[in-house]
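So the structure is just underneath, and the comments pick up after that.
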Protein chains: 2
Amino acid sequence: MSGLSTATVTRLPRYLRLLEEMPRETVSSEELAGAAGVTAANARRDLAALGFQGIRGVGYLTTELRDRIRKELGIETRRRVGIVGAGNLGTALARYTGLSKRGFDVAVIYDVHPGRVGQRIGDLTIRHLDDMTADLEKGVFDMAILAVPAGSAQKVADALVEAGVASILNFAPTRVSVPKSVAMRQVDLSNELQILSYYG
Amino acid sequence: MSGLSTATVTRLPRYLRLLEEMPRETVSSEELAGAAGVTAANARRDLAALGFQGIRGVGYLTTELRDRIRKELGIETRRRVGIVGAGNLGTALARYTGLSKRGFDVAVIYDVHPGRVGQRIGDLTIRHLDDMTADLEKGVFDMAILAVPAGSAQKVADALVEAGVASILNFAPTRVSVPKSVAMRQVDLSNELQILSYYG
DNA sequence: TAGATTGTTAATCGATTAACAATC
DNA sequence: TAGATTGTTAATCGATTAACAATC
């Protein structure tokens with residue numbers, strides 16, 4: 001029960017990215033802050049919330065902090081992700097190699113279209129959605145990326161939840177509701193552009 | 001100079017989505033709130049910030065509120081978007097029809113690879129990145145989606161800014177800095193998964 | 001010691017919410 | 001009038017920041 005604030009949690013990946021590229025043995029709160037777009041005081045407070053101490057006059061030990069953040073995020077070991085939907089977006093995400101570099105393995109991808117099931121995407125073979133529940137219960141993956149049309153997003157999410165998925169990243173352009181016990185985040189391209197349109 | 005809070009701006013697209021699907025002539029703050037995941041009081045306060053008034057005992061007029069939000073977001077008329085990078089992700093985004101439904105036209109897509117330039121994606125023909133500046137200055141598009149590798153993101157962003165782009169949606173897995181006059185938002189898939197990993 | 005940088009306090013800021021009078 | 005729902009106040013909550021003593 002560490003109870004980090006949501007604001008702190010969203011910055012941890014940004015600190016981590018810097019730490020993974022950092023050649024020096026120590027790093028200052030100011031450098032970390034730059035990577036996250038906040039002030040140095042804010043970065044120090046975030047690390048204090050982790051219970052991680054720096055060295056006055058010196059900074060934070062790079063590799064120790066890196067490992068501590070990885071542990072906090074639950075990515076000490078690689079995580080297995082399942083992609084649901086092998087349309088344009090699902091296929092693009094399955095081919096995206098950046099995920100692997102950051103500790104996520106795309107273990108499986110599903111679709112329902114007869115012409116699509118069985119086709120290959122890189123090392124993966126598209127499986128039928130009907131296999132998803134059994135795969136999830138077998139531990140083939142535990143994090144899901146929803147890349148299905150808006151109309152089927154809630155139904156697929158329900159099936160994922162029912163089978164015990166840990167978390168869902170929703171790319172479908174519709175709100176999906178899940179129990180509080182399941183973590184979910186949504187990325188909505190149109191919403192992002194509309195927000196940008198306001199400012200630009 | 002209306003000066004909405006950033007929190008309010010991020011909710012406007014969610015209200016708008018509900019309003020676009022709403023069959024009734026009026027809508028309550030509670031319904032709007034449900035679409036955005038906030039309380040009814042919060043939704044009412046957001047609309048008050050727009051200077052939009054409801055009718056006590058009745059609710060808000062659906063089409064008037066819809067038009068008001070569209071106007072506020074600057075999407076009364078369709079906006080033209082340019083995609084930079086015709087790799088997996090850029091191609092998937094170019095094929096995504098949901099953008100058009102919400103008022104954004106993908107006007108052009110660029111790449112630098114000789115084998116890629118000239119190929120077609122749906123109605124579009126991939127253009128060379130060297131054409132981007134001239135296109136931007138001609139008004140072919142004014143919002144950009146960055147879908148290039150991390151290594152070239154900053155360089156491309158600089159060129160976009162130089163040529164007067166209004167806003168940038170950055171899918172590259174790296175922070176890019178732009179002048180305050182240019183709006184930018186970043187979508188980082190790995191970061192999203194890492195955040196989810198913390199909760200799930 | 002001198003310089004650098006943390007850890008933390010206190011103040012501020014921004015956003016959310018409950019509650020209820022106003023009024024359709 | 002009775003019921004519904006807004007508009008807004010006041011309180012609360014959560015997050016950020018400046019500043020500086022502590023200390024490497």
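Here is how names work: the chains are called A, B, and so on, in the same order as the sequence lines, proteins then strands, and each is numbered from 1.
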Quick one: is [N] close enough that its OP1 or OP2 comes under 4.0 Å of any side-chain N or O from [X]?
X: Tyr60(B); N: dA4(D); value: no
X: Ser5(B); N: dG14(C); value: no
X: Thr6(B); N: dA15(C); value: yes

How long is the line joining [atom1] of [X] and [atom2] of [N], in whole Å?
X: Leu4(B); N: dG14(C); atom1: CG; atom2: P; result: 14 Å
X: Gln53(B); N: dT5(D); atom1: CD; atom2: P; result: 18 Å
X: Leu32(B); N: dT5(D); atom1: CG; atom2: P; result: 12 Å
X: Glu31(B); N: dA4(D); atom1: CD; atom2: C1'; result: 13 Å

Q.
Can you tell me whether the side chain of Arg56(A) and the base of dT23(D) have a donor-acceptor pair closer than 3.5 Å?
A.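 Check fails, no donor-acceptor contact within cut-off.
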Q: Work out which heavy atom in Val176(B) is nearest to a heavy atom in Ala153(B); give both atom names and the distance.
A: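 Looking at all heavy atoms of both residues, the shortest contact is CG2-CB, 3.7 Å.
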Test item: [X] and [Y] side chains (from C-beta on) under 4.5 Å apart, heavy atoms:
X: Leu65(A); Y: Leu32(A); result: yes
X: Arg116(A); Y: Thr91(A); result: yes
X: Leu16(A); Y: Ile75(A); result: yes

Q: Sort out the partner of dT23(D) for me: Watson-Crick or G-U wobble, both distances under 3.5 Å, none otherwise.
A: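 dA4(C) - that is the nucleotide pairing with dT23(D), both distances being under 3.5 Å.
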Q: With a 3.5 angstrom cut-off on both distances, give the Watson-Crick or G-U wobble partner of dA10(C), or none if there isn't one.
A: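 WC or wobble partner is dT17(D).
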Q. Does the distance from a Lys or Arg side-chain N to an Asp or Glu carboxylate O, for Glu20(B) and Lys101(B), drop under 4.0 Å?
A.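 Answer for the salt bridge query: no.
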Q.
Just verifying a value: how many Å separate Asn191(A) CG and Ser197(A) OG, rounded to the nearest 0.5 Å?
A.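 The OG atom of Ser197(A) is 12.0 Å from CG of Asn191(A), to the nearest 0.5 Å.
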Q: Identify whether any heavy atom of Glu30(A) sits under 4.0 Å from a base atom; if not, whether one sits that close to sugar-phosphate; answer base, sugar-phosphate or nothing.
A: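 Since no nucleic acid heavy atom lies under 4.0 Å of Glu30(A), the category is nothing.
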Q) Mapping Ala7(A) and Gly54(B) onto DNA chain D by nearest heavy atom, which one lands closer to the 5' end? A)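 Counting from the 5' end, the first nearest nucleotide belongs to Gly54(B).
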Q) Closest nucleotide of DNA chain D for Phe52(B) versus for Val58(A): which of these residues is on the 5' side? A)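 With Phe52(B) and Val58(A) compared, the 5'-side residue is Phe52(B).
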Q) Testing Asp130(B), Asp135(B), Asp131(B) for side chain to side chain donor-acceptor pair (under 3.5 Å) with Tyr110(B), which one passes? A)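 For Tyr110(B), the side chain to side chain donor-acceptor pair (under 3.5 Å) test succeeds with only one of Asp130(B), Asp135(B), Asp131(B), which is Asp135(B).
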Q: Check each residue of residues 35-47 of chain A for a non-hydrogen atom within less than 4.0 Å of any atom in DNA chain C, then write out the ones that pass by number, or none.
A: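 Under 4.0 Å from DNA chain C: Arg44(A), Arg45(A).
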